[in-house]
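These figures come from a predicted structure and were not determined experimentally. Proteins get letters first, then strands, A, B, ... in listed order; numbering begins at 1 in each.
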Amino acid sequence: MKFSAHPELLELLAASYALGTLRAAARRRFETLAREQAPVRAAALAWQSRLASMAELQQPVAPDPVVWTRIRNLIAAEQQQQAIGRQRIAAAAPAPASVPARGGWLRNLALWRGAAAAGVAAAVIATVVGLRFGEQLRNAPAEQYVAVLSDDSASASMLVTFDPKKQRLLLQRLGSYREDEDKSLQLWALPTGGAPRSLGVLGRDRTLSLPAHEADMRAVPALAVSLEPRGGVPGEGGPTGPVLFKGALIEKTL
Amino acid sequence: MRHNPPMPDSSPDAELMALIDLVGRRDENALRLLYERTSPKLFGLAMRVLRQREWAEDVLQESFLTIWRVAGDYRSTLSPPLAWMGLIVRSRSLDLLRRRSADRAHLTQEFDEQMAETFESSAANPMDTTDASEQAWALHQCLSRLEDGQREVLSLAYLRELSHSELAGQLKLPLGTVKTWIRRGLEKLRSCMQQFT
């Protein structure tokens with residue numbers, strides 16, 4: 001077909017093609033022509049581009065703020081996985097105790113080790129529990145903290161959420177870890193520049209609810225769980241046993 | 001329909017492009033700003049394609065993760081920034097629509113009815129030129145000159161990737177009417193868009 005004699009026909013065909021309303025046979029014929037003749041191809045691309053702006057003209061609708069929280073968590077998880085990858089590559093060098101502060105959300109590598117798991121766990125939970133989780137988030141109180149504590153291999157082992165309405169910390173064991181009979185797991189807040197502060201000792205159940213104040217959660221970038229003698233470490237002393245799980249405490253403003 | 005001044009003083013494209021460039025360099029704050037600037041628009045688009053809040057939220061989330069990953073390639077697409085993001089949202093929305101309609105083939109009837117309801121209110125479905133590129137301004141000018149029905153079938157044919165008969169089904173219109181509106185609408189659009197090239 002000679003379009004040079006029928007420029008309007010070409011435009012119309014290209015517009016129909018870009019709109020997607022050409023029937024299958026006509027579509028294939030047009031695609032063949034476009035591959036053979038540059039002006040046909042150019043017309044199709046121009047119309048695809050013009051119609052793409054249809055997307056720009058839609059009425060705005062405000063999305064639920066939880067969508068951004070989900071995006072942020074997932075990206076933090078992705079970043080973290082890449083950081084772990086880099087860390088493994090640079091494993092020969094001794095790991096610094098702390099990494100210099102960076103801008104944005106990436107304040108501290110150790111901190112983000114947990115945040116990664118938080119993102120992953122958020123994704124997993126969203127997949128597994130689906131709508132119910134979305135509902136919970138939608139109905140969540142104005143301010144909430146969440147942490148996913150993971151072990152050395154970065155697998156999520158414990159989910160910690162803070163409910164400011166009830167002033168309680170909710171702990172949920174995710175992995176298969178079970179402490180020996182003569183041991184207890186103890187949860188610690190790791191405040192910036194301060195000594196670890198005990199938040200409570202875990203029982204044997206998969207879930208546990210501990211009383212806590214919102215003040216306990218503020219300015220705490222991370223939580224950790226250590227393995228202690230049965231009953232935990234009493235008084236003001238810090239952890240005595242190995243830290244099994246840790247992770248960032250993320251404040252979610254919904 | 002709102003009548004905005006024909007061209008804003010400074011194009012919002014430049015700002016959005018700068019943000020996308022920063023996102024391409026893994027700047028999380030730029031991503032947040034980009035989200036704040038564009039998510040209502042993109043969510044509106046996803047809602048228009050999907051008519052389902054939860055689905056549209058899933059699509060918005062997926063789309064921004066995609067934008068985060070591919071922002072570095074944006075410049076080479078030569079697209080206006082919002083149109084580029086819109087393409088991502090539309091294609092994710094259509095993917096989801098295809099998955100869902102395969103999942104629930106038995107609910108097609110119900111699904112069509114849900115979609116049909118949108119046409120009733122479509123006359124009151126004004127276009128919005130906030131943050132629109134120059135190219136979108138041209139399209140807006142030309143779409144404004146179409147009759148409501150023509151504009152609506154063209155928009156839905158494109159945004160939901162519908163054939164003539166699917167449009168007729170969803171909009172509860174005779175097939176002949178849909179074909180006529182599309183043909184006339186496209187013809188008017190073609191002659192109008194010529195002015196802008």
Shortest non-hydrogen contact from [X] toward [Y]:
{"X": "V61(A)", "Y": "F43(B)", "result": "O-CD2, 3.3 Å"}
{"X": "A83(B)", "Y": "S53(A)", "result": "CB-OG, 4.2 Å"}
{"X": "Q48(A)", "Y": "Y158(B)", "result": "O-OH, 4.5 Å"}
{"X": "S16(A)", "Y": "L186(B)", "result": "OG-CD1, 3.3 Å"}
{"X": "L154(B)", "Y": "M54(A)", "result": "O-CE, 3.8 Å"}
{"X": "T21(A)", "Y": "L162(B)", "result": "CG2-O, 4.0 Å"}

#### Entry: Close side-chain approach of Q79(A) to R26(B), heavy-atom, < 4.5 Å
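In short, these two side chains touch, coming nearer than 4.5 Å.
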
### Task
Taking the side chain as every heavy atom from C-beta outward, state whether D58(B) and R70(A) have any atom pair closer than 4.5 Å.
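Counting from C-beta outward, D58(B) and R70(A) do come under 4.5 Å.
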
Which region of [X], side chain (C-beta onward) or backbone (N, CA, C, O), has a non-hydrogen atom less than 4.5 Å from a non-hydrogen atom of chain A, or is it both or neither?
{"X": "R183(B)", "result": "neither"}
{"X": "D27(B)", "result": "neither"}
{"X": "E161(B)", "result": "neither"}
{"X": "S39(B)", "result": "both"}
{"X": "S155(B)", "result": "both"}
{"X": "I182(B)", "result": "side chain"}
{"X": "L189(B)", "result": "both"}
{"X": "L42(B)", "result": "neither"}
{"X": "R90(B)", "result": "neither"}

### Task
Just do the side chain to side chain contact (heavy atoms under 4.5 Å, CB included) check on W68(A) and R32(B) with the steps written out, would you?
CA-CA 8 Å; W68(A) 171 248; R32(B) 187 176 52 76; 3.6 Å; yes

### Task
Apply the test side chain to side chain contact (heavy atoms under 4.5 Å, CB included) to residues Y35(B) and V67(A): give CA-CA distance (whole Å), side-chain angles for both, the deciding distance (0.1 Å), then the verdict.
CA-CA 10 Å; Y35(B) 182 85; V67(A) 178; 3.5 Å; yes

### Task
Hey, could you give me the CD/CE distance between Q58(A) and M127(B), rounded to the nearest 0.5 Å?
9.0 Å

## Note on the structure
When rounded to the nearest 0.5 Å, the distance separating CG of D128(B) from CD of Q59(A) is 5.0 Å

### Query
Under 3.5 Å, side chain of K41(B) to main-chain N/O of E56(A), donor-acceptor pair present?
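Answer holds: yes.
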
### Query
Is it true that atom CZ of R184(B) has more than 12 heavy atoms of other residues, nucleotides or ligands lying nearer than 6.0 Å?
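Result for CZ/R184(B): open.
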
### Query
Between R72(A) and E28(B), is a salt bridge (charged side-chain N to carboxylate O under 4.0 Å, His left out) present by the stated rule, with each step listed?
CA-CA 9 Å; R72(A) 194 188 56 181; E28(B) 307 102 24; over 6 Å; no

### Query
Which residue out of L65(B), L87(B), L167(B) racks up the most heavy-atom pairs below 4.5 Å with chain A?
L65(B)

### Message
For the interface with chain A, which of K179(B), M47(B), R53(B) has the highest count of heavy-atom pairs at distances below 4.5 Å?
### Response
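If we count pairs closer than 4.5 Å to chain A, R53(B) comes out on top.
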
#### Entry: Top contributor to chain B contacts, counting heavy-atom pairs under 4.5 Å, from A15(A), S49(A), G20(A)
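Of A15(A), S49(A), G20(A), S49(A) has the most heavy-atom pairs under 4.5 Å with chain B.
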
#### Entry: Side chain / backbone / both / neither for A46(A) at chain B, heavy atoms under 4.5 Å
neither

### Under 4.5 Å from a heavy atom of chain B, the part of A62(A) involved
backbone

